[in-house]
2 protein chains.
Amino acid sequence: MISVDAFDLKILTALQDDGRLTNQELAELAGLSASQCSRRRMRLEEEKVISGYHADLSSEALGFGVIAFIQVGLATHSPDNSKRFRALVNRIDEIQEAYSLTGDADYVLKAVLRDLKGLSNLVNDVLMPHQSVAHVRSSIVLDRLKESAKLPLRDLKAG
Amino acid sequence: MISVDAFDLKILTALQDDGRLTNQELAELAGLSASQCSRRRMRLEEEKVISGYHADLSSEALGFGVIAFIQVGLATHSPDNSKRFRALVNRIDEIQEAYSLTGDADYVLKAVLRDLKGLSNLVNDVLMPHQSVAHVRSSIVLDRLKESAKLPLRDLKAG
DNA sequence: TAAGACGCGCAAGGAGCGTGCAAACAGGAT
DNA sequence: ATCCTGTTTGCACGCTCCTTGCGCGTCTTA
């Protein structure tokens, strides 16, 4: 079983905020030596508690003006059809997130696009015509209050 | 104006995949020298094209078993009420993402929780009783097909 | 064509990394 | 209490990597 103690939690919290912290900076934050942080970080990476590091890019600076949530209902719920839909979703880079949900829609997708034309193209020319898809309803994001992938480690008990 | 050329795009794409790449690795991928990659990376950081670096933690490994999308309708649409709601959202760490949307709901939130008790607590004890909130509807994520924050830089023109 | 600005690679000094090692510590059995 | 064993720690050191100064080539503008 994976065990994560209080030092690990400090390291994880810090790296969640800044993924390029050096072991020495980590050492100060965690109250440990740099070598020990290096060792712990390697362990956490090997155990896949840390699954990766990513640069966060500014969608505004790079000209992505539209974010949309797209609710999708499948034509049938056969395993084959789900498989086809998943394959479709996987090869569309504009779709950042995709989930199957409880409630009315089968799937919800979050997509980033350059403009409304991009959204129209995705919805009308890619999703709608696909054999696996029955209906599609999209909502455009008006304002982003918060957008991160940080886990709330705050109250996690060591163990 | 921010200008991003083909080299920058290669660097951004690479760092989006692995935020801890060394300048030398970056140099190989971009076909540039390490020093030049260092300079370009610093420029992209200063210009906020790269807004940060983050470690990606495994929610499974750390015991977060529930992801939910929560649609929220506000009691009134006064500026004051919106402000109150935004402040509430901001101080709840379990809420990773929050957007205001076109369509029926005013806001949609994405929350990560330890278990269903955590979700119940958030919805029934925190969101519902809040003065700014009129109604709440939550959907639980059954399956994650895709979850990233990568921008589709693939077809971006340099300029 | 001359002059300035820009972007490049190279080199070197300095910072950061990770492994070996011995000391400190924790916990169970006697 | 005391010993024994396995784990975790900090330090030292060789090695890699980072970043800045520098000189060169190229492109633009007057």
Side-chain angles (χ1 to χ4, degrees), chain A residues 1-58 61-63 150-151 153-159, chain B residues 1-58 61-63 150-151 153-159:
Chain A
M1 178 57 194
I2 301 166
S3 110
V4 174
D5 69 11
F7 285 126
D8 291 329
L9 273 183
K10 285 192 185 180
I11 290 174
L12 292 172
T13 304
L15 285 174
Q16 201 171 217
D17 268 332
D18 182 352
R20 282 191 85 100
L21 285 172
T22 66
N23 290 326
Q24 322 209 27
E25 291 167 318
L26 230 38
E28 286 218 19
L29 293 171
L32 227 62
S33 70
S35 54
Q36 207 53 18
C37 286
S38 169
R39 277 188 272 252
R40 279 170 179 268
R41 199 159 60 75
M42 287 173 93
R43 183 174 60 80
L44 291 167
E45 288 167 12
E46 271 167 21
E47 286 173 348
K48 304 284 181 206
V49 178
I50 298 174
S51 57
Y53 300 90
H54 305 283
D56 208 353
L57 308 185
S58 159
L62 292 165
K150 288 184 201 165
L151 298 178
L153 300 179
R154 165 180 42 68
D155 56 341
L156 208 56
K157 294 282 181 299
Chain B
M1 179 55 192
I2 302 165
S3 110
V4 174
D5 68 11
F7 286 125
D8 290 329
L9 274 183
K10 284 192 186 180
I11 291 172
L12 291 172
T13 305
L15 285 175
Q16 199 170 219
D17 269 333
D18 182 352
R20 280 189 86 98
L21 285 172
T22 65
N23 290 326
Q24 320 208 30
E25 291 166 319
L26 230 37
E28 286 218 17
L29 293 170
L32 226 60
S33 69
S35 53
Q36 209 51 20
C37 286
S38 170
R39 276 188 272 253
R40 279 171 179 268
R41 198 160 59 75
M42 286 174 96
R43 184 174 60 80
L44 292 167
E45 288 167 12
E46 271 166 21
E47 286 173 349
K48 304 286 179 204
V49 178
I50 298 173
S51 57
Y53 299 90
H54 304 284
D56 208 353
L57 308 186
S58 159
L62 292 164
K150 287 184 203 166
L151 297 178
L153 299 179
R154 162 181 43 68
D155 56 341
L156 208 55
K157 295 283 182 299

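When reading the values below, keep in mind they use all heavy atoms of this one structure, side chains included, and skip hydrogens, waters and symmetry mates. Chain letters run A, B, ... following the sequence lines, proteins first and then strands; every chain starts at 1.
Side-chain N/O atoms of A:Ser33 and A:Gln36 include no donor and acceptor closer than 3.5 Å.
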Measure all distances between protein nitrogen or oxygen atoms and nitrogen or oxygen atoms of nucleotides 15-17 of chain C, and list the pairs falling under 3.5 Å.
unit_1, atom_1, unit_2, atom_2, d
C:dG16, O5', A:Gln24, NE2, 3.4
C:dC17, OP1, A:Asn23, N, 3.2
C:dC17, OP2, A:Asn23, N, 3.1

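Considering only heavy atoms from C-beta on, A:Arg40 comes within 4.5 Å of A:Asp5 through its side chain. B:Leu21 places a side-chain heavy atom less than 4.5 Å from the side chain of B:Leu29.
Evaluation of atom-type donor-acceptor distances gives no pair under 3.5 Å for the side chain of A:Ser33 against the base of D:dC11. Remark: the B:Ser35 side chain and the C:dC10 base include a donor-acceptor N/O pair separated by less than 3.5 Å. Scanning atom types as modelled, one donor and one acceptor separated by under 3.5 angstrom connect the side chain of A:Arg39 and the base of D:dG10.
Across the protein-nucleic acid pair, A:Leu26 atom CG and D:dG10 atom P stand 13 Å apart, rounded to whole Å. Distance, B:Glu28 CD to D:dC18 P: 12 Å, rounded to whole Å. In this structure, B:Glu46 atom CD and D:dT19 atom P are separated by 12 Å, rounded to whole Å. Rounded to whole Å, atom P of C:dA24 lies 17 Å from atom CG of A:Leu32.
Among all heavy-atom pairs drawn from B:Ala30 and B:Ile11, the shortest one is CB-CG1, 4.2 Å.
Nucleic acid contact class of B:Arg40 (heavy atoms, under 4.0 Å, all strands): sugar-phosphate only.
Judged as a side-chain hydrogen bond (donor to acceptor under 3.5 Å, both in side chains), and not counting sequence neighbours, B:Arg20 has no contacts. Residues satisfying the side-chain hydrogen bond (donor to acceptor under 3.5 Å, both in side chains) criterion with B:Asp17, sequence neighbours excluded, are B:Lys150.
The nearest heavy atom of DNA chain C to B:Gln36 and to A:Met42 marks one nucleotide each, and the one closer to the 5' end goes with B:Gln36.
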